[in-house]
Amino acid sequence: MFLDAAAQGASAGASATTMILIIVVWIVVFYFILIRPQKKQKKQIEELHKAMEPGDNIMTTGGFYGTILDIVDDTTVIVEFGNNKNCRIPMHKNAIAEIEKAGSAIVKDDEAEEEKPVKEKASKEKGSKEAK
């Protein structure tokens, strides 16, 4: 009878250890699934807000496109929407979803770059024929 009581005490200790281990595993899983990605996203948003400069093109969370005219303080920017120069609205920085830096959307004409060396070759050949 005394041995049965000792065996029950040992199994109760093992089940408590198992329960604690399961709780620790759940905490670690929640950290990697919920908390860590949220911290990464918050850090990216802070970097986005620090990188804002006047002249940058933005898209708001409502889907409107505009240009930053001025940064008033840490939380407010003045944005110009559309071609109408009178449509200037102060907004909270958190309402900005995307930023395109000024001058980053330069489109290169590939055909013009390819034709340029061809023309130079043609003029060199033409010059060498005239020299003969």
Side-chain angles (χ1 to χ4, degrees):
M1 185 149 184
F2 182 69
L3 292 174
D4 290 336
Q8 286 177 354
S11 67
S15 67
T17 305
T18 305
M19 186 64 84
I20 290 172
L21 183 63
I22 291 172
I23 291 172
V24 168
V25 168
W26 275 104
I27 290 172
V28 169
V29 167
F30 276 118
Y31 175 77
F32 282 107
I33 291 176
L34 298 175
I35 298 170
R36 190 167 176 233
Q38 210 171 32
K39 285 183 179 180
K40 278 185 171 181
Q41 185 180 17
K42 186 175 180 180
K43 187 176 180 179
Q44 287 176 343
I45 290 171
E46 288 175 4
E47 289 175 3
L48 181 83
H49 290 172
K50 289 178 184 177
M52 285 184 200
E53 295 176 346
D56 292 345
N57 294 322
I58 62 154
M59 184 182 79
T60 66
T61 54
F64 294 106
Y65 290 92
T67 304
I68 296 176
L69 293 179
D70 189 24
I71 299 175
V72 179
D73 56 21
D74 291 340
T75 59
T76 309
V77 295
I78 296 180
V79 181
E80 179 180 72
F81 293 99
N83 295 331
N84 187 354
K85 301 296 182 193
N86 294 326
C87 187
R88 297 176 179 182
I89 300 172
M91 316 181 56
H92 199 277
K93 283 185 176 181
N94 289 338
I96 297 173
E98 294 179 13
I99 294 180
E100 183 180 297
K101 297 305 268 179
S104 65
I106 299 172
V107 178
K108 294 182 179 178
D109 190 9
D110 293 335
E111 293 177 13
E113 291 177 5
E114 290 176 8
E115 289 178 14
K116 195 173 189 179
V118 172
K119 288 180 182 176
E120 289 176 6
K121 286 182 185 177
S123 62
K124 286 180 184 177
E125 290 175 4
K126 194 176 193 181
S128 64
K129 288 180 182 177
E130 290 175 3
K132 290 181 182 179

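For the numbers below, each heavy atom of this structure counts, side chains included, while hydrogens, waters and symmetry mates do not.
Glu47 CD: more than 12 foreign heavy atoms inside a 6.0 Å radius. Annotation for Phe81: atom CZ counts as buried by contact number, over 12 foreign heavy atoms lying within 6.0 Å.
Cluster annotation: Met52 is not connected to Leu69 through the hydrophobic network of ILVMFWY side chains, with a link wherever side-chain heavy atoms come within less than 4.5 Å. Criterion: ILVMFWY side-chain heavy atoms under 4.5 Å apart, direct or through other members. Under it, Met59 and Leu48 are not part of a common hydrophobic cluster. Both Ile99 and Met91 are assigned to one and the same hydrophobic cluster, defined by single-linkage of ILVMFWY side chains at heavy-atom distances under 4.5 Å. There is no path of hydrophobic side-chain contacts, each under 4.5 Å, that joins Ile45 to Ile58. Following chains of ILVMFWY side-chain contacts shorter than 4.5 Å, one cannot reach Ile27 starting from Ile20, and the two form parts of different hydrophobic clusters.
One distance of note links CZ of Arg88 with CG of Asn86; it measures 7.5 Å at 0.5 Å rounding. Remark: Lys39 NZ to Gln44 CD distance equals 15.0 Å, nearest 0.5 Å. One finds the OG1 atom of Thr18 at 11.0 Å from the CD1 atom of Ile23 (value rounded to the nearest 0.5 Å).
Residues Lys42 and Glu46 form a side-chain contact, since some pair of their non-hydrogen atoms from C-beta on lies under 4.5 Å apart. Residues Pro54 and Ile71 are in side-chain contact: their nearest non-hydrogen atoms beyond the backbone lie under 4.5 Å apart.
Within the structure, the ring pair (Phe, Tyr, Trp, His ring centres under 6.0 Å) test picks out the following pairs touching residues 26-52 (sequence neighbours left out): Trp26-Phe30. Applying the side-chain hydrogen bond (donor to acceptor under 3.5 Å, both in side chains) rule to pairs touching residues 52-77 yields Asp56-Lys101, Asn57-Thr67, Asp73-Thr75, Asp73-Thr76, sequence neighbours excluded.
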